[in-house]
> 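Structure incoming, see below.
When reading the values below, keep in mind they use all heavy atoms of this one structure, side chains included, and skip hydrogens, waters and symmetry mates. Letters go in sequence order (proteins before strands), and every chain restarts at 1.
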Amino acid sequence: MGCSTPRFRLGPLVLLATVSLPAAAVRGDPVAPPPGRKLSFNEHIRPILSENCFACHGPDGGKRQAGLRLDTHEAATTELESGMRAIVPQDVAASEILARVVSDDPDVAMPPPSAKLGRLTTEQVATLRRWIAEGAEYQPHWAFLPPPKPTVDDLSSGLDAIVARKLADRGLAPQSEATRAALIRRASFDITGLPPTPEEVAAFVADTAPDAYEKLLDRLLASPRYGERMAADWLDLARYADSYGFQVDRPRPTMWPWRDWVIKSFNENLPWDQFAVWQVAGDLLPDATAEQRLATAFNRLHQQESEGGSVEEEYRVTYVNDRVTTFGTAFLGLTLECCRCHDHKFDPLSQRDFYSLFAFFDDIDEAGLYSYFTDATPTPKMRLLNGGAADALTKAEESCTAAAAALIAAEEAAVGGVADWLAGKAPKPAAVAARSAGTIPGELARYAFDGSFANGVAGGPAASSPAENTFVAGRDGQAIRLTGDHPVNVPAGNFRRSHPFTVAAWIRPAGRSERAVVFHRSRAWTDAASRGYELLVVDGHLRWSLIHFWPGDAASVRMQEPLPIDRWVHVAVTSDGSGTAAGLGIFVDGHLVATSVVHDNLSRDITGGGGDTITIGERFRDHGFKDGLVDDFRVFDRQLSPLEIRELVEPGPLAAAVAGNGDAERLGGYVAAALDETAAGRRKALEDIRRSRDDLAERPTEIMVMRESPAPKTAFVLERGEYDKRREAVGPGTPAALPPLPADAPRNRLGLARWLVDPEHPLLARVTVNRVWQGLFGTGLVTSPEDLGSQAPRPEYPELLDLLAWKFSHPVADGGLGWDMKSLVKAIMRSRTYRQRSVADAKTMADDPLNTWLARGPRHRLPAEMIRDGALAACGLLVEKIGGPPVKTYDMPDSFKPEQAGSGESLYRRSVYTYWRRTGPGPMLEVFDVPSRVVCVAHRDTTNTPLHAFVLLNGQQFVEAARVLAERLLADQEADARPPLERAFERLTSRPADDREREILRTMHGGQLDWYRAHPEDAARLVTVGQTRRVESLPAVEVAATAAVINALLNYDGCVVKQ
Amino acid sequence: MNDLSRGCTGPQTVVDRRQWLGTFGMGLGGIALADLLGREVTAAPASPPLPAVPRGGAIDAFHVPPRAKRVIYLFQSGGPSQLDLFDHKPLLKERDGEQLPASVRGEQRLTGMSGNQSSIPLVGSPFPFARHGESGVWVSSLLPHTASIADRLCFIHSMHTPSINHGPGVTFMQSGSQIPGRPSIGAWLDYGLGRLQDDLPAFVVLITKNKGGQPLMSHLWGAGFLPTKHQAVRFRSGADPVLYVNNPPGVSIASRRQALDGLRQLHEHQFAGAPDAAIQARIANYEMAFRMQSSVPEVTDFSDEPAHVLDAYGPGARDPGTFAANCLLARRLAERGVRFIQLYHQDWDHHGGLRGGIAGECRQTDQPSAALVKDLADRGMLDDTLIVWGGEFGRTNYCQGLYKPGQDFGRDHHPRCFTLWMAGGGVKPGVTWGETCEFGYNIASDPVHVHDFHATMLHLLGIDHERLTYKFQGRRYRLTDVHGKVVEGILA
């Protein structure tokens, strides 16, 4: 910032041409108090130091220059290595900082020329000098101190008193109250996002009761439209969208129930602390309800990637970062993003603080990439079940349990029968007698790889492989040697999760593998979230898994001992059809080995993702079984018993056991599993019942939510924020500059959430009331709602922010509002400050264009949703229906990612329901500054561009709306004799036209009528724009002329501006 | 343009409108509230002799003497293979099929696509290379037209980027960050320099139609945290080049003019009672919109282009939405003072079937790209127009997937080196900058990071990349983050 150049310039010259703005007013530099009153560090000094010095002499230890730190009193006044002191309280001459900021010597001057910050202004230097002379007192940043308990009881009048006092300091007074018509229009938009009807305006204007306005507010706050209006702002913060984002940006069709929950929560006035706790940690609440778990979808609304070849961990870290920064912006008003890579330059937030917060948000079974080849909902997730479906699923589970118990009884009976026979208490069971040869039923495929891919099972299909996989000497005859890049395709194995099966082979690894695919039945690894089943070597251990979506919807076990690598090993893996980790077995050399559970949360089927047959040794974009040897590969259509598996290793034990002189211990299991008919029948029944249960489980919509994984992850500080540069481990914790986590608070998101909503927390209430204020006045009390840190512009009314924050967050019993959002909105809107007319004298308007002084009521362009919804409402087209899947509006075909437009009521729903694709949001909304919802946004631009004119004048939605209103007014002329355009004006602006306006409207209408009379073919075309059928009984020329004027009125300042 | 309005309303109104526009200087952007929030911060004043920035820019005066007024960026999305177009590596031919030596590969991370391959065989380009022009630059046979203007181009062989995948890679090239959400280059320029004209947007995006390949995302030309008025306007190839620029059925220019006159009177009346500058901005914007309704169709209508010009751009020039037609449209937009024209051509992502694939993309882009350079030179505009041609990263010297000598093959993403060319606008012509190793895998000399490329581009436009900043979330942001060095060696 230069001495001679204002650091701030108005982009367009319009204001410079008409007014001159005092630099301080625009910059927000506070005026120094008169002598006698001390300067305040937070108000006068911190902005100067933060802007010019902290980048090199602030909290970031990594970049600190000359060992000097100016953000704390102790450090700033300490003697440096050079022997100098930057600040010597009360000693202006000894304070090196003053010499530096005025020096012309480029080697000495601060900020240095290389920083390209320019020089301090004369006023700033004088302010620093005075502060040092006054004793150089420091204060913690104001936003990190809890707001003080206010002395006033009534929020509205307390608010007005603060404003009136400060206005008086400026020689100003509040404006008079806005007209009744203006007031109801303003209040209706602010609470419901819609204009009042002419009838509502008339009733309010006529209601002279002293509590008329109070009643109006109550009526509006009770409207279900309130939730829809308030939700829109929250959706920007929550980066809610109907697509995954990033490059591929596939539609994500099932997140909208969370959006509906937000609307419902506002309408039911869920206390704000609960609103926050549920979203941050609803899943961790004791006996969490479905709704509380659903609320945590907030943490999963970030973008997700599926671009082929992306590094999974890189994106997983990106997602957790997004959760942390969104938490920071939405609830703390802090820019945590900075500390991802280094300590914060301006705020006392360290990189370690960032990763301590990170540790709260990364303990979920999440994949860094969503599945490209399937439409599986990324985990963790929850089912959305209506009552009937939930009951049916519960019943199905109960049936499965009962059928499983019946099978166990039959198997136990069979085992008992064998035991009795062996003990001589009973004759040889008939099933055993009939199978005296000791066979293994259910074999589908057997490949000996002896120079061919022939199937050893009679009539079974052959395997196949590219020639790169070669036959080499094997354990028995020949084996196949795998390159790792070429598959051996086995045409079998498309088992569902309820189907018991076994796969076995002799394998010889070439060495220890960090990761190698021995065999699998799936389409791909990350690109399909591994849907199917797979036997891998991971870090030298076998891992056997059934998977719907890795890692959060899978059953997986891992062999505890490492896989031997220097010899042939016989491996058999089994699944018992239960779809649980307990139902998975790994046998090595014929023995069941000890395993650990990796995941045990399989909830859906493992088929349907493509790759329907087994592949050995290779997988798409995965690590193959490079140089591994495989021999005698066998697939069985059932879960083999341990005895059968020993038979696979070395033939013989089965026949011996059946003859009564072999492995007696395991014979019972073989009989129960392979021979006993009762057990076989019940096994078949169990599988059938499980399959129906599986079919039911495939149906419900699923939504991504938070669910802690059973084993917590360890978080690390990541050097420069890079996912693969792990440094020291960190546990969950809150930033050191903020209040500490209570000692007894759980170190998880619930502990974090409760810490956040403590009424003494300095940030949550301030951040929230500031945004509510922004929603009503167009500009927050702090004009940077995303940042209340030390770089935030100093608010004009800090005490007002504190008053609102204290009241909002404290219990009713203590005189607060107990986090009651509707009461907060009402209290602000009851104030005289809010009710002022929106126009002040020209000088005040020009001196304070953002209205931070509050010398007048709010006046700003309506946000995109209100412009569209307001036009639809005023023209009688709005469909008032709450919730449901997103709808596609007229302009979808013009989106960057074109989609077909919807039809019928889809075209006339409120904009909060408009389908939101991040890489191509609705064009109409985009022109009016909606964010793409790629990241958390706390503030929208309010531009004023010619592109608005195209949308409102030529867009189908608005052309049709104008025509429909024209038809209504013309059809209605008998009931209301006033000229239709005057009535249109009233509908659109909520006030009657004055004489001059009536005259303009008459001229406009006359001109249009002349035109369309001369060009009736044009009239016929204009009145058929849009899907709403035209009213044939009305003359097209008259409708077109009226519609053309209404169309222009939809562009009128009085229509698109809230005032 | 104005003739239309004059015809409808008489000269007096036109003067009135001109007064409005003159007085208020409204560009396309109008007033954004953010302008008033004190978020925009300009850097310190520059030394006196530098010319002032024309109008509405955040910087008062150029930081360095500007060499280019405007940019046409021919973005080749997907990552064209530098080894088959520009970066001639005979060694790869000699060692075709041999494994990439581990010493060359180093610790470099590979994509998930080829990173798990157990073999990575080198593959030489099947396309012959030759030296061209007086500068003797190597260009492959795929680009005869580009080769013919080699002496006008500046090739950078030593570009590198941190990104190994398309989404982050394109985002990084276009905004200096791999994560979406930062302003794009064009938005920075519009913010910093304001506009050169008032009848068209300052930042226009043109995308080759009917292309597959890696998807593009609208944030690539977005304004990020800058006021949304700085984002690009995308011209479409259909009937409405700008969203809803045409009147709806049944509304004529004359009837619209009459309605707008009424609307203006309402606004003037409103302003008399409420002295809000936004009303004045609104009045100006509706006039600008009316003018755009003429200027946009005018610029997109090629009927005044002589046949030899259309022929020079190639057969596609007569088919709106092709790369050739977009190149010609870019020239027309540049002539009319559009500051930043961003073309996108997709489908260079040749993981497999590279031979046929790359030849097809070259057929679509080679002639129009060269024609654009020549056309601008013929019109005396090349000196102050910077043209850039390139993608988001390069491709590997080894084969992705299984390689059989003599058969078609693919190359994976390669961020460690790639080629980009520039022309005009203060860049040395006929120059090759930077070198890769004989394997074409690592940079051997003069590396140019994407941040350096951005710094250089801003420098050519008269901006010190460290001084064009915008304060957001309490921090000063810039296109080059905290990096970037101007590549002095390529400045003319």
Side-chain angles (χ1 to χ4, degrees), chain A residues 2 5 7-15 17 28 116 118 246-247 307 309-310 335 346 484-485 621 623 626 783 786-787 789 791 839 842 845 849-850 894 896 919-920 923 929 934-935 941-946 949-951 954-955 959 996 1000 1004 1007 1011 1018 1021-1022 1025 1044 1048 1052-1053, chain B residues 23-26 28 30-38 41-45 56 111-113 116 118 165-167 180-181 215 217-219 227-229 243-245 247-250 255 258-259 262-263 265-267 269-270 274-275 277-279 281-282 285-286 288-289 292 466-467 473-474:
Chain A
T5 317
R7 67 175 184 188
F8 167 79
R9 264 175 49 89
L10 296 165
L13 299 179
V14 53
L15 288 176
K116 302 194 182 183
F246 284 126
Q247 198 202 15
E307 188 191 331
S310 303
T335 54
F346 308 108
D485 292 336
R621 292 178 185 163
H623 300 257
K626 191 185 175 194
T783 55
E786 68 284 344
D787 178 22
Q791 284 288 88
V839 175
M845 300 270 294
L850 284 181
D894 292 309
F896 181 60
T919 53
D929 307 315
V934 162
V935 291
D941 278 328
T942 313
T943 55
N944 192 347
T945 92
F950 298 148
V951 170
N954 304 335
V959 173
R996 170 70 181 135
I1000 298 169
M1004 290 171 85
W1011 176 268
D1018 276 0
R1021 294 168 67 213
L1022 180 60
V1025 170
Y1052 173 50
D1053 183 81
Chain B
T23 308
F24 302 115
M26 296 308 302
L28 182 69
I31 292 186
L33 256 182
D35 287 351
L36 305 173
L37 280 170
V41 179
T42 56
T111 76
M113 282 174 284
N116 308 329
S118 45
N165 284 100
H166 300 286
M217 307 143 277
S218 56
H219 72 246
T228 49
K229 67 175 181 179
L243 181 68
Y244 297 133
V245 73
N247 286 334
S255 65
Q258 196 267 351
L263 182 61
Q265 289 170 12
L266 286 172
H267 279 147
H269 179 62
Q270 171 93 337
I279 301 173
R282 196 157 280 123
N285 281 329
Y286 276 81
M288 163 92 182
M292 276 179 73
E466 293 185 340
R467 286 164 64 189
Q473 294 196 335

> Looking at NE2 of B:His267 and CD1 of A:Ile1000, how far apart are the two atoms once the value is rounded to the nearest 0.5 Å?
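The CD1 atom of A:Ile1000 is 10.5 Å from NE2 of B:His267, to the nearest 0.5 Å.
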> Under a 4.5 Å heavy-atom cut-off, does chain A meet the side chain of B:His269, its backbone, both or neither?
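Just the side chain, heavy atoms under 4.5 Å.
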> For each of A:Gly789, A:Gly920, A:Ser310, A:Ala1044, tally heavy-atom pairs with chain B at distances under 4.5 Å, and name the one with the top tally.
A:Ser310
> For chain B, which of A:Asp787, A:Val951, A:Asp894 has the most heavy-atom pairs under 4.5 Å?
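Most heavy-atom pairs under 4.5 Å with chain B: A:Asp894.
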> For each of A:Thr919, A:Asn954, A:Leu1022, tally heavy-atom pairs with chain B at distances under 4.5 Å, and name the one with the top tally.
A:Asn954
> A side-chain contact here means heavy atoms from C-beta on lying under 4.5 Å apart; do B:Pro275 and A:Val839 qualify?
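Heavy-atom side-chain distance check passes, below 4.5 Å.
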> Where do A:Phe950 and B:Ala289 come nearest, in terms of heavy atoms and distance?
CE2-O, 3.4 Å
> So, the side chain of A:Asn944 versus the backbone of B:Ala278: is there a donor-acceptor pair under 3.5 Å, distance only?
yes
> Quick one: which of B:Ser255, B:Ala274, B:Gly181 has the most heavy-atom pairs under 4.5 Å with chain A, could you say?
B:Ser255
> Restricting to non-hydrogen atoms, name the atom on B:Leu243 and the atom on A:Pro923 that form the minimum distance, rounded to 0.1 Å.
CD2-CB, 3.5 Å
> Looking at CG of A:Asp929 and NZ of B:Lys229, how far apart are the two atoms once the value is rounded to the nearest 0.5 Å?
11.0 Å
> Grab the two heavy atoms, one from A:Pro946 and one from B:Asn285, that are nearest each other, plus how far apart they are.
CD-OD1, 3.5 Å
> Which one, A:Arg1021, A:Glu307, A:Lys626, A:Arg996, leads in non-hydrogen pairs under 4.5 Å with chain B?
A:Glu307
> Please round to the nearest 0.5 Å and tell me the distance separating atom CG of B:Asn165 and atom CD of A:Gln247.
8.0 Å
> Under 4.5 Å heavy-atom distance to chain B, tell me which part of A:Asp1018 shows up: side chain, backbone, both or neither.
both
> Could you measure the distance from the CZ atom of A:Phe246 to the NE2 atom of B:His219? Nearest 0.5 Å is fine.
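A:Phe246 atom CZ to B:His219 atom NE2 measures 9.0 Å (nearest 0.5 Å).
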> What is the minimum heavy-atom distance between B:Pro248 and A:Val959, and which atoms define it?
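Shortest heavy-atom contact: CG-CG2, 3.7 Å.
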